[in-house]
There are 2 protein chains.
Amino acid sequence: MLQRVRIAVDCMGGDLGPAATLPACQAFLSSHPHAELLLVGRPETVGVARHWPRCTVIEANEVVAMDDPVEVALRRKKDSSLRVAINQLKAADGIPAAADACVSSGNTGALMAVARFVLKTMEGIDRPAIATVLPNRKGTGTTVLDLGANVDCGPDHLLQFAIMGSALVTAVTENPSPTVGLLNVGEEVIKGSEVIKKTGELLRGAHEAGLVNFHGNVEGNDIFKGTTDIVVCDGFVGNVALKAAEGLASMVGEQLKAEFSAGWLSKAAAVVALPVLKRFKQRVDHRRFNGAALLGLRGLVFKSHGSADAYAFERALERAYEAARHQLLSGVQSRVTAAVSNLPASAAQPA
Amino acid sequence: MLQRVRIAVDCMGGDLGPAATLPACQAFLSSHPHAELLLVGRPETVGVARHWPRCTVIEANEVVAMDDPVEVALRRKKDSSLRVAINQLKAADGIPAAADACVSSGNTGALMAVARFVLKTMEGIDRPAIATVLPNRKGTGTTVLDLGANVDCGPDHLLQFAIMGSALVTAVTENPSPTVGLLNVGEEVIKGSEVIKKTGELLRGAHEAGLVNFHGNVEGNDIFKGTTDIVVCDGFVGNVALKAAEGLASMVGEQLKAEFSAGWLSKAAAVVALPVLKRFKQRVDHRRFNGAALLGLRGLVFKSHGSADAYAFERALERAYEAARHQLLSGVQSRVTAAVSNLPASAAQPA
């Protein structure tokens with residue numbers, strides 16, 4: 001029997017706000033009979049869901065804007081839907097947390113800062129990381145982290161990302177020993193910056209200690225080849241690589257469209273090719289991969305893309321649901337605890 | 001009247017070697033009546049070109065393999081086609097250099113190391129950088145540097161890249177004031193690592209001094225949007241972003257092909273759509289963008305992709321030709337000299 005999973009939803013976040021989140025919640029509920037949702041937002045907006053089955057409406061009278069500085073989200077808007085949604089993950093004085101996971105399309109900086117403040121990081125983790133799944137040729141998906149939470153990382157942080165990423169993939173795919181690649185400018189051990197070379201050493205040590213299944217260095221194209229299940233990098237590199245890939249995909253899509261609209265003969269060809277083009281579009285639709293995990297916190301927080309529509313937001317809800325159902329939180333915590341007790345102190349502590 | 005341009009060609013480099021370089025040289029010569037080529041390689045291989053018009057064959061009896069360590073290329077293979085081709089750029093004792101530019105598909109590490117050893121870096125430049133043009137939505141092309149020569153960069157190096165990249169774009173496109181973007185994880189000035197924030201300060205100073213046209217921070221997707229003419233980043237980030245984009249493009253191409261081959265109906269659609277698909281393929285063909293400039297050396301060296309075929313290699317020859325014809329070398333040198341004399345010493349010297 002499936003256990004019940006409760007997800008707190010920041011209904012006001014993202015560019016579209018409730019116009020995307022509410023239809024997504026409705027669709028999600030109808031396809032997930034074991035899910036319950038806590039819908040957080042302005043009463044006049046989320047009130048509409050008061051009588052939906054397996055739904056609880058939680059009032060929050062402020063909204064973190066997409067361009068609000070972190071300080072505003074953190075110190076001034078204490079009654080924001082983003083903050084109140086995260087609050088649902090906090091247990092207190094023997095009372096269990098109201099929700100198992102939380103999903104928001106709110107701005108990344110604010111979400112990370114508030115989540116870190118409210119939930120705190122796990123024992124053994126210096127910095128939480130953002131992990132997402134990117135499509136690959138194998139069709140399995142490559143989990144990449146960090147994607148922007150940490151722009152300056154030491155080798156120890158990258159090792160922690162490898163451990164948390166492994167826990168994430170193990171929890172969701174039930175692969176006990178997913179492979180980890182270290183993003184670099186070449187496969188050879190001698191390649192890369194000083195931080196990367198030192199990280200390689202730590203990862204080889206962690207591999208020998210049975211804590212991660214370290215494959216070695218990988219390059220940017222390996223993300224989409226699916227060479228390893230997990231690719232570890234600092235948040236600066238991960239963010240740039242992700243956005244460069246998004247930018248290229250969107251340019252290529254536009255060019256394909258332009259070629260099929262150039263003249264009546266091309267337009268006629270487009271009509272004939274329509275079913276194929278539709279299938280192709282579905283296949284490369286980045287919305288399918290929406291929903292990044294904030295790992296290393298004492299609670300499961302999922303970040304949906306700021307521009308997510310209802311379809312994309314529903315995918316993020318599904319990711320959070322699967323993670324909670326597979327006990328991701330305790331999975332991460334036990335991997336991290338094993339690492340802390342099995343690695344030399346220098347490798348488990350910040351540089 | 002167009003001046004004569006002489007290009008030294010490493011005919012043995014790359015995965016395909018002379019099978020790609022010789023046909024490329026032949027095609028290039030017939031479309032560039034003012035070009036002369038110095039074909040460097042094993043006599044039994046390049047000898048075939050001895051009677052081609054505007055061609056000189058230069059013997060070199062060794063070949064740097066694609067997987068040769070830098071040390072082997074540098075210290076042991078002194079008679080390699082790669083080294084002898086670069087030697088043609090060296091002037092000595094009042095005798096001008098034999099060639100105006102040099103092109104090789106040889107391995108990047110070896111090419112950079114040998115070029116640096118033989119030619120030396122320019123006054124005011126600590127580290128040469130690799131610059132290439134990537135396609136963008138505007139159709140103008142975005143010049144990105146560095147792409148892998150320097151994995152650990154300080155703010156001063158990134159400033160030097162901005163200056164050299166500006167000189168490259170000015171020389172080739174005749175735009176006197178191309179815009180420069182600093183690759184970052186967000187547009188705001190407060191974003192990014194410490195190195196990037198400090199680089200932003202230096203670039204704003206250089207902008208005020210009239211040395212570069214600094215636009216501000218850009219993100220990964222801006223490369224393909226064409227937000228700025230030039231995007232500056234360290235070699236680690238540039239290399240990962242470039243390879244991630246290549247990997248995604250190749251995955252998308254494969255998926256498009258797969259969809260058009262799935263069943264007879266799709267195959268029939270492919271036949272109808274063939275002219276459109278062909279045009280699309282040409283448009284996204286990365287071979288068109290082959291040929292990266294090694295900037296900051298006392299000679300014009302162009303790096304062709306290791307896997308370049310004849311079509312791609314010919315594009316690299318064209319890039320080298322255009323750069324030489326537009327006096328890129330003196331263009332870079334005069335921008336760098338202006339920077340050295342107009343910026344505070346701390347900004348023109350290594351961190």
Side-chain angles (χ1 to χ4, degrees), chain A residues 69 109 134-137 148 151-152 183-186 190-196 219-225 233-256 258-260 262 265-266 268-270 272-277 279-280 283-284, chain B residues 69 109 134-137 148 151-152 183-186 190-196 219-225 233-256 258-260 262 265-266 268-270 272-277 279-280 283-284:
Chain A
L134 292 177
N136 65 30
R137 285 182 175 205
V151 291
D152 282 308
L183 196 56
N184 202 343
V185 294
I190 54 145
K191 289 266 181 167
S193 62
E194 289 311 311
V195 168
I196 291 296
E219 301 185 69
N221 50 338
D222 288 302
I223 296 172
F224 300 100
K225 267 192 199 168
C233 56
D234 74 41
F236 193 97
V237 172
N239 186 284
V240 167
L242 177 72
K243 285 185 184 156
E246 279 178 2
L248 178 74
S250 124
M251 181 183 76
V252 168
E254 201 176 66
Q255 289 178 337
L256 188 62
E259 286 301 349
F260 271 109
L265 213 62
S266 300
V272 176
L274 199 64
V276 186
L277 292 173
R279 283 205 313 270
F280 172 68
R283 203 154 149 173
V284 297
Chain B
L134 292 176
N136 64 31
R137 283 181 176 206
V151 290
D152 282 306
L183 195 56
N184 201 342
V185 295
I190 54 147
K191 290 265 181 165
S193 62
E194 288 312 311
V195 168
I196 291 295
E219 300 186 70
N221 50 340
D222 288 301
I223 296 173
F224 300 101
K225 267 192 197 166
C233 56
D234 75 42
F236 193 97
V237 172
N239 185 283
V240 167
L242 177 72
K243 285 186 183 154
E246 279 178 3
L248 178 74
S250 125
M251 182 183 75
V252 167
E254 202 177 65
Q255 288 177 337
L256 187 63
E259 286 302 349
F260 271 108
L265 213 61
S266 300
V272 177
L274 198 63
V276 186
L277 291 173
R279 282 204 314 269
F280 172 69
R283 203 154 148 171
V284 297

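Chain letters run A, B, ... following the sequence lines, proteins first and then strands; every chain starts at 1.
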Considering all heavy atoms, the nearest A:L248-B:A245 contact: CD2-O, 2.9 Å
Taking every non-hydrogen atom, the tightest pair across A:V185 and B:K243: O-NZ, 3.5 Å
Which atoms of B:P135 come close to chain A, meaning under 4.5 Å heavy atom to heavy atom: side chain ones, backbone ones, both, or neither? both
Report yes if the side chains of B:L277 and A:F260 come closer than 4.5 Å at any heavy-atom pair, otherwise no. yes
Which atoms of B:L265 come close to chain A, meaning under 4.5 Å heavy atom to heavy atom: side chain ones, backbone ones, both, or neither? neither
Most contact-rich option vs chain B, by heavy-atom pairs under 4.5 angstrom, among A:E246, A:E194, A:Q255, is A:Q255
Side chain to side chain donor-acceptor pair (under 3.5 Å) partners for A:S193, two or more places apart: none
Stepwise side-chain contact (heavy atoms from CB on, under 4.5 Å) check, B:K225 with A:S250: CA-CA 9 Å; B:K225 267 192 197 166; A:S250 124; over 6 Å; no
Quick check: closest heavy atoms across B:V240 and A:N184, and the distance to 0.1 Å? CG2-O, 4.2 Å
Which heavy atom in B:M251 sits nearest to a heavy atom in A:F224, and how many Å separate them? SD-O, 3.8 Å
Can you list the residues that meet the side chain to side chain donor-acceptor pair (under 3.5 Å) rule with B:N136, with sequence neighbours excluded? B:T140, B:T142
Scored by heavy-atom pairs under 4.5 Å with chain B, the best of A:A269, A:G235, A:A244 is A:A244
Out of A:L256, A:L274, A:I196, A:V195, return the one with the most heavy atom pairs under 4.5 angstrom to chain B. A:L256
Could you grab the distance from atom CZ of A:F280 to atom OG of B:S266, nearest 0.5 Å is fine? 13.0 Å
Chain B shares the most heavy-atom pairs under 4.5 Å, among A:G192, A:A268, A:G148, with A:G192
Which one of B:V151, B:N239, B:V237, B:V276 has the most heavy-atom pairs closer than 4.5 Å to chain A? B:V276
Might you point out which heavy atoms bring A:F236 and B:L183 nearest each other, and give the distance in Å? CZ-O, 3.3 Å
